[in-house]
Amino acid sequence: MDLRLKSFEEYKSAYKSSVENPDAFWDGIAKQFKWIKPYDKVCEWDFRKPDVKWFVGGKVNITENALDVHLQERPDQTAILWEPNEVNEPALEISYKELYHKVCRFANALKKQGIQKGDRVVLYMPMVPELAIACLACARIGAIHSVVFAGFSAKAMADRINDASAKMVITADELRRGDKRLNIKEIVDTALEECASVERVIVYQSKGEKHNWHEGRDLSWDEAEEGCSDDCAAEPMDSEDMLFILYTSGSTGKPKGVVHTHGGYMVYATYSFQNVFQYEPGDIYWCTADIGWITGHSYIVYGPLISGATTMMFEGIPSYPDPGRFWKVCEKHKVNQFYTAPTAIRALMGCGNEFVEGYDLSSLKVLGTVGEPINEEAWEWYHKMVGKENCPIVDTWWQTETGGIMISGLGDHSPQKPTFAGYPLPGIQPVIKNDKGETIEENGFEGLLCIQHPWPSVIRTTYGNHERCKQVYFSAFDNCYFTGDGAKRDENGMYRIIGRVDDVINVSGHRFGTAEIEDAINQHPEVIESAVVGFPHEVKGQGIYAFVIGSSNIHEEGLEKAVRAIVEEMIGKIARPDHIQIVDGLPKTRSGKIMRRILRKIVANEADQLGDTSTLLDPEVVDKLIDGVKT
Ligand code: WTA
């Protein structure tokens, strides 16, 4: 199935028809997929509720499209190419036929353990092929997977398991990341002390030790598969049946479970994959994300596999054993499309050109970035040092909630401009709004980025709380999806994403709500109050800055340590503040509201531009904060 647009002219004409007649446009694409029963209607929608349905009445299973359809045409082609953490271990090639049988066998294992259509299964795994296999096996039988990134703490996992009432957890005995080794089964054990819904734990054992085994609950991957057939009929799913839940942070409250469905997600992840990366048969495609994030779901697993691509999975990290690892792997496997995050590019750029120069990167055709705005310096370095000025850079803007890439160049076809993501994909209708909700028609003005017509992989709900989905995404502006990002268009209509306009911070491409981190800090008995803001960080994009008021029972150093430890416990190491400033007051309005705007200016070293502080209850607080600021 070749869904590629092959020139900018073709893009422009596809875009035009996608806006003029979205149903006809998406029908033309969707009918190329394998449907168990064809859909009756392309789309039904009402953003005000929100109620969005795509490919209404259709029956489908996404794994038939990712696996079965390839058995005839490319059974022996590598589907998943796995590069292990250790340089001296061989890479693993899993063909489409092998992957089909592995998925079917594990799907049968899940069934045997009582997992049924609609059950939720949480995956807490290293970047091994079994993670992709487990996702696909869930989808095969209609179970709903929810991958929790294996950098989250036991508590964060427990919150997600409980929110989804998951029946099963799939994990591993060991996670390798660089020179670190972590027994993640232990973290699952701790999480499950708080989770009554989980009946079974399946442990993928790379080391083979049965550590702290809970008889009756724990089962090794091999035990679970014993006696299971390697054929398993795909469960016919309604287009709108849930495929997965993925938790992500928002500006308020706990992370929410973003829900995607079989039909629409399948179509959009595939269409966007093929067009953005311009994948051609035989290419080796590598996305360096972790499957714990949406990028891994859409662009390591589903989009590439449905397209019949060879998709690489990398277990390690860019700096191990040295900062040349990415390029070494690109050379070794002759990678054609390479997709990573600006934070990785900036970190590697800082290590020096000598780590790139020696490698043959001539196989590269398209370079991609995702997760945060890419600054011009990093863009230029990527373009020159990695792409040797021969590769287009696709700066892909999208979100967990959008399911797929929304604004981006299409391979070599689109005009490029550093720091601009570019043009919307066909079917995507962005608008820029001002605070009053009016659409800014003119180019050149910054505003709030919204999308005004559904696309097949738009978020359907937030698991267990539809009202929250409505409030967060569909209530700010009438009949529009609100992204939470600020953006502007240049004179040619290209979009530049400025960054979040809400209390979400983006640290190395990972999303956190400031409230979520404050809630964690406030759990400490010696903390009276805290305020968390993001600050510009050279490598991470944004860093986390916490202002903390402690009780008189604890000295500064002890409190700082305690704050770091409690964030690590409640969320995970990835959310630990970079700076903690112990203070005795926060800038508050007379009504008691913390003025975050002021805190953000202080930590960005822009204290000379504080603006109006006359509404503050105690303006002197600000001077003290400025005096003590950490950089
Ligand atoms: C940000 C990641 C600028 C943005 C796929 C968005 C970007 C949030 C870009 C979603 C980009 C993502 N340029 N900003 N190319 N891509 N973002 O849900 O603020 O982890 O709202 O999805 O990342 O992060 P999420």
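All ligand and atom numbering here is 1-based and tracks the order in the structure.
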Enquirer: When you look for heavy atoms under 4.0 Å from ligand 1, do you find them on the side chain of D485, its backbone, both, or neither?
Expert: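 D485 to ligand 1: side-chain contact only, backbone stays beyond 4.0 Å.
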Enquirer: Could you tell me whether T248 and ligand 1 have an N or O pair separated by under 3.5 Å?
Expert: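 Among all N and O atoms of T248, none is under 3.5 Å from an N or O of ligand 1.
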Enquirer: So P304 and F273, do their side chains get closer than 4.5 Å, heavy atoms only?
Expert: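 Yes, close enough: below the 4.5 Å cut-off.
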Enquirer: Please confirm whether the ring centroid of Y495 lies under 6.0 Å from the ring centroid of F420.
Expert: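 Ring-ring flag for Y495/F420: false, centres at least 6.0 Å apart.
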Enquirer: Is it the side chain (CB and beyond), the backbone, both or neither of N506 that lies under 4.0 Å from ligand 1, heavy atoms counted?
Expert: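 It is the side chain that touches ligand 1; the backbone stays farther off.
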Enquirer: Please determine whether salt bridge (Lys or Arg N to Asp or Glu O under 4.0 Å) holds for the pair D578 and K540, giving the CA-CA distance in whole Å, both sets of side-chain angles, and the decisive distance to 0.1 Å.
Expert: CA-CA 11 Å; D578 297 88; K540 299 178 180 183; 2.5 Å; yes
Enquirer: Is there side-chain contact between Y320 and N85, with at least one heavy-atom pair below 4.5 Å?
Expert: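 Contact flag for Y320/N85 side chains = yes.
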Enquirer: May I ask you to identify the nearest protein heavy atom to atom 10 (C) of ligand 1, giving residue, atom name and distance to one decimal place in Å?
Expert: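 Going by distance alone, atom 10 (C) of ligand 1 is nearest to W398 O, 3.6 Å.
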Enquirer: Do you know which of R600, R597, R511 makes salt bridge (Lys or Arg N to Asp or Glu O under 4.0 Å) with D503?
Expert: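 Among the candidates, only R600 passes.
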Enquirer: Under 4.0 Å from a heavy atom of T396: give me the atoms of ligand 1 that qualify, with their elements.
Expert: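 Matching atoms, with element in brackets: 9 (C), 11 (C), 15 (N), 16 (N).
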Enquirer: As an exercise, identify every atom of ligand 1 less than 4.0 angstrom from a heavy atom of I497.
Expert: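 Ligand 1 atoms under the 4.0 Å threshold to I497: 3 (C), 14 (N).
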Enquirer: Under a 4.0 Å heavy-atom limit, does E372 contact ligand 1 with its side chain, its backbone, both, or neither?
Expert: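 For E372, the contact with ligand 1 is made by the backbone alone.
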Enquirer: Answer with yes or no after comparing the ring centroid distance for F338 and W327 against a 6.0 Å cut-off, counting only values under it.
Expert: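 Yes, the ring of F338 comes within the 6.0 Å limit of the ring of W327, centre to centre.
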Enquirer: Under 6.0 Å between the ring centres of Y423 and F8?
Expert: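 Centroid distance Y423-F8: below 6.0 Å, so yes.
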Enquirer: Is it the case that the side chain of Q278 and the backbone of N275 share a donor-acceptor pair, with hydrogens and angles ignored and the cut-off at 3.5 Å?
Expert: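 Judged by distance alone, yes, a pair lies under 3.5 Å.
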Enquirer: Number the atoms of ligand 1 from 1 as they appear, then name those within less than 4.0 Å of a heavy atom of D395, with their elements.
Expert: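 Near D395, meaning under 4.0 Å from one of its heavy atoms, ligand 1 has 11 (C), 13 (N), 15 (N).
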Enquirer: Which heavy atom of the protein is the closest neighbour of atom 3 (C) of ligand 1, given with residue, atom name and distance?
Expert: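 Looking only at protein heavy atoms, the one closest to atom 3 (C) of ligand 1 is P373 N, 3.1 Å.
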Enquirer: When you compare the side chain of N479 with that of R48, does any pair of heavy atoms fall below 4.5 Å?
Expert: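 They are in contact (side-chain heavy atoms under 4.5 Å apart), so the answer is yes.
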Enquirer: Looking at ligand 1, does G371 have a heavy atom less than 4.0 Å from it?
Expert: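 Under 4.0 Å: yes for G371.
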Enquirer: Taking 4.0 angstrom as the limit and counting only heavy atoms of V370, give me the atoms of ligand 1 inside it, by number and element.
Expert: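 Near V370, the atoms of ligand 1 are 5 (C).
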Enquirer: Nearest to atom 20 (O) of ligand 1, what protein heavy atom do you find, and at what distance?
Expert: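 Protein heavy atom at minimum distance: R511 CD, 3.6 Å.
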Enquirer: Is T369 in polar range of ligand 1, meaning some N or O pair under 3.5 Å apart?
Expert: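 Min N/O separation from ligand 1 is not below 3.5 Å for T369.
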